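Nothing here was measured: the structure is a model prediction, and the numbers come from that model.
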Amino acid sequence: MPLAKALELAQEYDLDLVEVAATARPPVCKLMDYGKFKYESAMKAREARKNQAHTVIKEMKLRPKIDPHDYDTKKGHVVRFLKQGDKVKITIMFRGREQSRPELGFRLLQRLADDVADLGFVESNPKQDGRNMIMVLGPHKKKTEAMAEAREAQAARKAGRQQESSPAEEPAEA
């Protein structure tokens, strides 16, 4: 259809004439409310961003001579991070004479990797970087799966609390 007639038709229906495929011969155009189209596409993009998971790298710092209780506490943090679907960068800091014994740090990192093997895997093996030794652990679950599980658990807890707080009313004695 000629351009003038298409523009006249668009004006008659109070719509916009939007070119859909410019490279086609002849070019393809469409009658639509362009403002509404832009708004809906922006809302779809916003919704997609909301559901998108951001990969976060959490860091845990240790020393080669760490007490068992401190190790358990740090391991608990690493477990929590992995359950949330985040990567964990574990850094062992060497000071003074500790720098001459990197095998202590290596053994500590291997022990930690073995302790959390059911939740995560070693993404990058331990390597010495100046005064520090670094290892990265990745979660077995994707961030989106961990987020979905957390939402389900939260909904279950909320439902449980509502059941506890609304038992059958007992008549009061006078």
Side-chain angles (χ1 to χ4, degrees), residues 35-174:
K36 182 178 175 184
F37 171 75
K38 290 284 283 183
Y39 174 77
E40 287 174 352
S41 63
M43 294 310 287
K44 283 180 187 173
R46 187 176 181 190
E47 193 67 30
R49 273 197 311 272
K50 190 171 85 172
N51 294 330
Q52 191 175 38
H54 302 287
T55 304
V56 180
I57 297 181
K58 305 281 189 171
E59 185 172 13
M60 190 55 53
K61 293 187 175 186
L62 306 169
R63 297 285 314 280
K65 297 178 187 172
I66 188 168
D67 288 335
H69 180 266
D70 294 337
Y71 172 80
D72 291 338
T73 303
K74 299 280 188 175
K75 183 180 83 172
H77 292 308
V78 171
V79 165
R80 188 178 79 225
F81 295 150
L82 290 172
K83 280 183 179 176
Q84 291 173 351
D86 295 322
K87 291 182 181 183
V88 184
K89 175 182 172 184
I90 296 141
T91 305
I92 297 194
M93 302 172 294
F94 296 100
R95 291 200 317 217
R97 285 188 239 166
E98 293 171 349
Q99 292 178 48
S100 64
R101 302 285 306 275
E103 67 275 1
L104 292 176
F106 185 80
R107 277 198 304 246
L108 185 62
L109 288 175
Q110 289 297 358
R111 179 175 146 206
L112 183 62
D114 292 340
D115 288 348
V116 297
D118 56 328
L119 296 171
F121 61 96
V122 177
E123 200 168 273
S124 77
N125 288 319
K127 57 180 171 262
Q128 188 81 28
D129 183 29
R131 292 174 157 236
N132 300 327
M133 186 174 280
I134 297 168
M135 176 177 76
V136 178
L137 295 174
H140 287 307
K141 287 187 213 167
K142 289 192 169 95
K143 182 77 172 182
T144 51
E145 293 171 12
M147 287 168 56
E149 279 185 17
R151 277 196 292 268
E152 289 172 9
Q154 187 177 13
R157 282 195 307 269
K158 189 175 181 182
R161 272 188 264 140
Q162 286 178 349
Q163 287 178 351
E164 287 177 13
S165 64
S166 62
E169 296 285 329
E170 294 183 27
E173 292 183 30

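Summarising the local packing, OH of Tyr39 is surrounded by 12 or fewer heavy atoms from other residues, nucleotides or ligands at distances under 6.0 Å. For NZ of Lys83, the number of neighbouring non-hydrogen atoms (other residues, nucleotides, ligands) closer than 6.0 Å is 12 at most.
One finds the CG atom of Leu62 at 7.0 Å from the CG atom of Leu109 (value rounded to the nearest 0.5 Å). In this structure, the separation between CG on Leu112 and NZ on Lys74 is 11.0 Å, given to the nearest 0.5 Å. Here the straight-line distance linking atom CG of Asp129 with atom CD1 of Ile92 works out to 13.0 Å at 0.5 Å rounding. Distance check: Leu104 CG to Ile66 CD1 gives 13.0 Å after rounding to the nearest 0.5 Å. To the nearest 0.5 Å, the span separating CD on Gln128 from CZ on Phe106 amounts to 11.5 Å. Atom CE in Met133 sits 8.5 Å away from atom CD in Glu103 (nearest 0.5 Å).
In this structure the side chain of Val136 never reaches within 4.5 angstrom of the side chain of Val88, judged on heavy atoms.
Among all heavy-atom pairs drawn from Met135 and Pro126, the shortest one is SD-CG, 3.8 Å. The minimum heavy-atom distance between Asp118 and Asp115, with the atom names listed, is OD1-O, 3.9 Å. Taking each heavy atom of Gly138 and Leu82 in turn, the nearest pair found is C-CD2, 3.9 Å.
Listed for the Gln154 side chain is no donor-acceptor partner under 3.5 Å among the backbone atoms of Ala156. Judged by distance alone, the side chain of Glu98 and the main-chain N or O of Arg95 form a donor-acceptor pair under 3.5 Å.
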* What do the steps show when you test Phe81 against Val56 for side chain to side chain contact (heavy atoms under 4.5 Å, CB included), and what is the final call? -> CA-CA 10 Å; Phe81 295 150; Val56 180; over 6 Å; no
* Asked: For Ile57 and Asp86, what are the C-alpha separation, side-chain angles and deciding distance, and is it a side chain to side chain contact (heavy atoms under 4.5 Å, CB included)?
  -> CA-CA 6 Å; Ile57 297 181; Asp86 295 322; over 6 Å; no
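Screening Lys61, Glu59, Arg63 for a side-chain hydrogen bond (donor to acceptor under 3.5 Å, both in side chains) involving Thr91 leaves a single residue, Glu59.
In summary, Arg49 and Glu47 do not engage in a salt bridge, as defined by a charged side-chain N under 4.0 Å from a carboxylate O.
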